[in-house]
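Read through the structure below, which is laid out as structure tokens, and then see the notes.
Here the structure is a predicted model, which means the values were calculated and not measured. The first residue of the sequence shown is numbered 1, and numbering continues consecutively from there.
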Amino acid sequence: FLSADRVDAGGDCHAAVAGVADPRRPALEIPAWILKPFAAMAIPPRIVLITGCVRDVAATLRYELQRFQQALCDVQEVRWFLVESDSEDDTPSVLAALAEEMESFRFKVLGQLRQRWPECTERIAHCRNHYLDELRSPRHQDVDVVVIADFDGVCNVFSQEAWQSAWIRDDWAFCTANQKGLYYDIWALRHPEWCPDDCWQQYRLLCASGMVAKEALHQAVYSRMVDVPRDSDWIEVDSAFGGLAIYRRKALLAGRYTGIDTAGGAICEHVSLHERIRVDGGRIFINPRLINTGLTLHTARAIASRLRRTV
């Protein structure tokens, strides 16, 4: 339920999902969106494709791969497909070396794309659509599950326990990660109560109405970064990502990523794909036990914003 003692220092109505009631406070009503019944246990996958986009990860990619291999050590076959663009280090050479060492490792280097797609979200959508095309090729028609991850350090505590938590129920098209502390990925999040809109569009609207930028940023973005305890029930959403998501392959066979709107403005590229999954009847959840990281740069800024509001 929403615990009054987890409302941020600014007094916002966006409270955290708490696991234990404070005996000093009156009991609060449990919102219906938390009370989702568990479904049957899912059958763990036999073949998994791990994919994502990479840039400037030459120094860290091998460690990232090792962590995923350890987390998925009970999977019969793990395949890899990474899409690179715009690196200024030796990432393409590291990818080539990994492909030589690992029969299951494939990659695609797209090179410098900034001039063609200067808007970051349009560029990343283009890159992500390449791994969707790879997934839909005949070589992966036997894949059961696709893990889509960011390889920029936001999966630094991903573990076998987190991986196995996905298989306690089978009613999802995909489930997404949670973090220790504040949940950070508000731009990709859509939930009718928690985050019903594009947080950055909301920020711009607040600024245009005359609100000072720091207050607008707090209200539109930082106040929505809440603590989701790992023992909470799964939270059904319309969209989410959080740096790591586990998709059933069939959920990814129709949609595409889109990084700009019809006016050419930046939008979160995940939302369009997830809208298609929902249209096709798929259910999307944040899995509170699917922990991938702790403090991020985004949540550090949110904490600093809240501290400033207390002084």
Problem set entry | Ile50 and Leu82: CA distance, side-chain angles, deciding distance, side chain to side chain contact (heavy atoms under 4.5 Å, CB included) verdict | CA-CA 8 Å; Ile50 302 176; Leu82 301 184; 5.6 Å; no
Exercise. Can we call the ring centroids of Trp172 and Tyr247 under 6.0 Å apart?
Worked result: no
Problem set entry | Tyr222/Tyr203 aromatic ring centres below 6.0 Å |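 No, too far apart.
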Is [Y] reachable from [X] through a run of I, L, V, M, F, W or Y residues, each pair having side-chain heavy atoms under 4.5 Å apart?
X      : Y      : value
Ile186 : Met211 : no
Tyr63  : Leu72  : no
Val109 : Leu65  : yes
Val157 : Ile148 : no

Exercise. Under the criterion side-chain hydrogen bond (donor to acceptor under 3.5 Å, both in side chains), which of Thr296, Asn292, Thr293 is the partner of Gln179?
Worked result: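 So the option named by the test is Asn292.
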For this session: For the pair His130 and Leu110, evaluate side chain to side chain contact (heavy atoms under 4.5 Å, CB included) and give the outcome as yes or no after the intermediate values.
Result: CA-CA 10 Å; His130 274 274; Leu110 299 180; 3.6 Å; yes
[X]/[Y] ion pair, N-O < 4.0 Å:
X      : Y      : result
Arg123 : Glu269 : no
Asp238 : Arg283 : no
Glu134 : Arg106 : yes
Asp142 : Arg79  : yes

What's the spacing between [X] [atom1] and [Y] [atom2] if we round to 0.5 Å?
X      : Y      : atom1 : atom2 : result
Cys175 : Ile286 : SG    : CD1   : 10.5 Å
Ile267 : Glu119 : CD1   : CD    : 10.0 Å
Asn178 : Asn287 : CG    : CG    : 8.0 Å
Ile291 : Cys155 : CD1   : SG    : 11.5 Å
Ile246 : Thr176 : CD1   : OG1   : 9.5 Å
Gln112 : Asp86  : CD    : CG    : 5.0 Å

Exercise. Under 30°, 30 to 60°, or over 60°: which ring-plane class applies to Trp187 and Trp200, parallel, tilted or perpendicular?
Worked result: perpendicular
For this session: Take the angle between the ring planes of Phe158 and Trp163 and call it parallel below 30°, perpendicular above 60°, tilted in between.
Result: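 Because their plane-to-plane angle is over 60°, the rings of Phe158 and Trp163 count as perpendicular.
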Exercise. Is there a side chain to side chain contact (heavy atoms under 4.5 Å, CB included) between Val48 and Glu77 once you walk through the steps?
Worked result: CA-CA 6 Å; Val48 174; Glu77 182 181 348; over 6 Å; no
Without swapping roles, check the side chain of [X] against the backbone of [Y] for a donor-acceptor pair under 3.5 Å.
X      : Y      : answer
Asp227 : Leu182 : no
Asn129 : Arg256 : no
Thr51  : Phe81  : yes
Thr121 : Cys268 : no
Arg136 : Gln141 : no
Asp198 : Gln201 : yes
Thr299 : Tyr184 : no
Thr91  : Ala58  : yes

For this session: Assess whether side chain to side chain contact (heavy atoms under 4.5 Å, CB included) is satisfied between Leu244 and Leu290, documenting all intermediate values.
Result: CA-CA 9 Å; Leu244 174 71; Leu290 184 56; 4.1 Å; yes
Pairing donors with acceptors under 3.5 angstrom, does anything connect the side chains of [X] and [Y]?
X      : Y      : value
Gln164 : Asp74  : yes
His218 : Ser305 : yes
Ser87  : Glu84  : yes

Exercise. Out of Phe174, Tyr257, Phe285, which one pairs with His274 under the ring pair (Phe, Tyr, Trp, His ring centres under 6.0 Å) rule?
Worked result: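 Testing each of Phe174, Tyr257, Phe285 against His274, the sole residue satisfying ring pair (Phe, Tyr, Trp, His ring centres under 6.0 Å) is Phe174.
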For this session: Could you walk me through whether Arg116 and Glu122 pass salt bridge (Lys or Arg N to Asp or Glu O under 4.0 Å), step by step?
Result: CA-CA 10 Å; Arg116 184 175 179 184; Glu122 186 178 20; over 6 Å; no
Problem set entry | Verdict with supporting geometry, Tyr183 and Trp194, ring-ring contact (aromatic ring centres under 6.0 Å, His included) | CA-CA 12 Å; Tyr183 182 90; Trp194 181 3; 5.4 Å; yes
Exceeds 12 heavy-atom contacts within 6.0 angstrom, atom [atom1] of [X]:
X      : atom1 : value
Glu101 : CD    : yes
Ile43  : CD1   : no
Glu161 : CD    : no

For this session: Find out whether the Lys NZ or Arg CZ of Arg128 is both under 6.0 angstrom from the six-membered ring centre of Phe241 and within 45° of the ring's axis.
Result: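 Arg128 over Phe241 ring: yes.
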Identify the heavy atoms of [X] and [Y] that sit nearest to each other, and give their distance.
X      : Y      : answer
Leu206 : Ala220 : CD1-CB, 4.2 Å
Arg249 : Ser137 : NH2-O, 4.3 Å
Ala300 : Leu295 : N-CD1, 3.8 Å

Problem set entry | Matching residue for Asp197 among Arg224, Arg190, Arg204 - test: salt bridge (Lys or Arg N to Asp or Glu O under 4.0 Å) | Arg224
Problem set entry | salt bridge (Lys or Arg N to Asp or Glu O under 4.0 Å) evaluation trace for Arg55 with Asp150 | CA-CA 10 Å; Arg55 185 185 71 179; Asp150 287 342; over 6 Å; no
